[in-house]
Amino acid sequence: MLLHEGRVRRDFAANTRREERHMLPSWEPLWPYRAVLAVDARNFSALDSKGMQQVNADIPPLLSQALSASNVSAHWERRMFGQHAGDSYVAGMDPEVLPALVGCFPDALRQALARRRVDAPASTPLQLRVSIHVGPLPHTGLGVPMVHTHRLLDDDALRTLLNRANPEITTTAVIISQRVYEDVFESGCVNGDVLPDQFMRHLVKVKKFQQPAYVHIPGFDWRLADPDIFEPLDTTDAATKKPVPASEAAPQAVPSVPGTVSFSHSGEHGIQSYNHFGAGRGQ
């Protein structure tokens, strides 16, 4: 009798626990945050077959050299969802490396590309676009942050900058998401040699994607260029609807038609302006 009563009590308690579990709300854990690094070669389709094969073979070692010089080679060896296409590469890493990717990697990549040019002077100069983003992603890498990383890489302003640049001088153009910019510079962890003012803020519009981002050309001072090199950023942030400080808003200048770069110089004869009509969207 006592054994039967004990069994009944145990069964009742087990059923109660099952019912309580059934009543609890269901949720899934957020995927781990990943720093996503993507690169793409400019004008790849203009190369002949041998040139394409050479660029395809050169991109992984160039990235390894630049990341090693940035002191993140160990993280790169543990990269996730690495994908190497003909003219591009994308991979995920731990987000703790973001200060290195923003502060050290761009110039390290520029130097690696310069060494490639010295070692193979007869080859066509290689220019790389780079995008850096961060967000929760599964081990497959499939998710919204990955899509946004590629939208940043496809930004027309980033393409136009390299189209207009001398490929012997400017080999690297980097764009980082606003989330990366804020996380890195507000943390104070970025390399002290790189300043927030070396990143130009503008609104990226690719398909349905529309978000502020920051463009960086290693070694370039944006005060030397007219901000109208980009489409002027609305003084209302598209993502947060918060007013952008006047110091960050693009100043009013003489309107320029799409496809031009304007530079102004102040001297003893007043302000002298120069407009250059550049190429359109490239590959």
Fill in: T124 and L47: CA distance, side-chain angles, deciding distance, side chain to side chain contact (heavy atoms under 4.5 Å, CB included) verdict
CA-CA 9 Å; T124 302; L47 300 172; 4.2 Å; yes
Worksheet item: Is D221 reaching over with its side chain to a backbone N or O of R223, donor-acceptor style, under 3.5 angstrom?
Response: yes
Worksheet item: Is the side chain of Q198 donor-acceptor paired with the backbone N or O of L195 at a distance under 3.5 Å, no angle test?
Response: yes
Fill in: Test log, rule side chain to side chain contact (heavy atoms under 4.5 Å, CB included), inputs V215 and H202
CA-CA 8 Å; V215 175; H202 91 110; 3.8 Å; yes
Fill in: Donor-acceptor contact present, side-chain T170 to main-chain P167, <3.5 Å
no
Worksheet item: Do the side chains of P145 and R34 get nearer than 4.5 Å, heavy atoms only?
Response: no
Practice prompt. Consider only side-chain heavy atoms of I, L, V, M, F, W and Y, link residues closer than 4.5 Å, and tell whether M93 and V130 are in one cluster.
Written response: yes
Worksheet entry | From L158 atom CG to N163 atom CG, the distance as rounded to the nearest 0.5 Å | 10.0 Å
Worksheet item: From S64 OG over to L62 CG, what is the distance, rounded to the nearest 0.5 angstrom?
Response: 9.0 Å
Fill in: Flag side-chain contact, heavy atom, 4.5 Å: H216 against I175
no
Fill in: Interatomic spacing from CG in L37 to OH in Y89 - rounded to 0.5 Å
9.5 Å
Item to complete: Might you point out which heavy atoms bring F185 and V194 nearest each other, and give the distance in Å?
Response: CE2-O, 4.0 Å
Discussion item. If hydrophobic clusters are built from ILVMFWY residues whose side chains come within less than 4.5 Å, do V90 and V39 share one?
Written reply: no
Practice prompt. Please tell me if the side chains of L142 and M146 come closer than 4.5 Å, counting only heavy atoms from C-beta onward.
Written response: no
Worksheet item: Do you know which two heavy atoms are closest between S70 and A100, and how far apart they sit?
Response: O-CB, 3.9 Å
Discussion item. Less than 4.5 Å apart, side chain to side chain, heavy atoms only: is that true for L152 and S177?
Written reply: yes
Discussion item. Nearest 0.5 angstrom please: L128 CG to D58 CG, how far?
Written reply: 9.5 Å
Worksheet item: Linking I/L/V/M/F/W/Y whenever any side-chain heavy atoms sit under 4.5 Å apart, do M52 and L63 land together?
Response: yes
Worksheet item: Quick one: are Y181 and V102 in side-chain contact, heavy atoms under 4.5 Å?
Response: no
Fill in: Donor-acceptor contact below 3.5 Å, side chain R179 vs main chain V134
yes
Practice prompt. I would like to know whether W76 and V97 meet side chain to side chain contact (heavy atoms under 4.5 Å, CB included); could you show each step before the answer?
Written response: CA-CA 10 Å; W76 183 244; V97 305; over 6 Å; no
Practice prompt. Determine whether I176 and F199 make a side-chain contact, defined as any pair of heavy atoms from C-beta on separated by less than 4.5 Å.
Written response: yes
Worksheet item: Less than 4.0 Å between a side-chain N and a carboxylate O, is that true for R159 and D154?
Response: yes
Discussion item. Once ring pair (Phe, Tyr, Trp, His ring centres under 6.0 Å) is applied, what residue pairs with a partner in residues 118-153 remain, sequence neighbours excluded?
Written reply: H148-F209
Worksheet item: Is there side-chain contact between R151 and V204, with heavy atoms separated by less than 4.5 Å?
Response: no
Worksheet item: Taking 4.0 angstrom as the limit, do D119 and R116 come out as a salt bridge?
Response: no
Worksheet item: Short question: side chain of D87, backbone of R42 - any donor-acceptor pair under 3.5 Å?
Response: no
Discussion item. Please determine whether side chain to side chain contact (heavy atoms under 4.5 Å, CB included) holds for the pair H84 and I59, giving the CA-CA distance in whole Å, both sets of side-chain angles, and the decisive distance to 0.1 Å.
Written reply: CA-CA 9 Å; H84 183 28; I59 288 178; 4.3 Å; yes
Worksheet item: Quick one: do L162 and F44 end up in the same hydrophobic cluster if we chain Ile, Leu, Val, Met, Phe, Trp and Tyr together by side-chain heavy atoms under 4.5 Å apart?
Response: no
Item to complete: For residues L153 and D40, report the shortest heavy-atom separation together with the two atoms involved.
Response: CD2-CB, 3.6 Å
Discussion item. So Q178 and Q211, do their side chains get closer than 4.5 Å, heavy atoms only?
Written reply: no
Worksheet item: So, for A41 and V55, which heavy atoms are closest and what is the spacing to 0.1 Å?
Response: CB-CG1, 4.0 Å
Fill in: Closest heavy-atom pair and its distance - F105, L67
CD1-CD2, 3.6 Å
Discussion item. Using every non-hydrogen atom in the two residues, find where T171 and L126 come nearest and quote the distance to one decimal.
Written reply: CB-O, 3.8 Å
Worksheet item: To the nearest 0.5 Å, how far apart are CZ in R201 and OH in Y214?
Response: 4.5 Å
Discussion item. Starting from I132, can I reach M80 by hopping between I/L/V/M/F/W/Y residues whose side chains sit under 4.5 Å apart?
Written reply: no
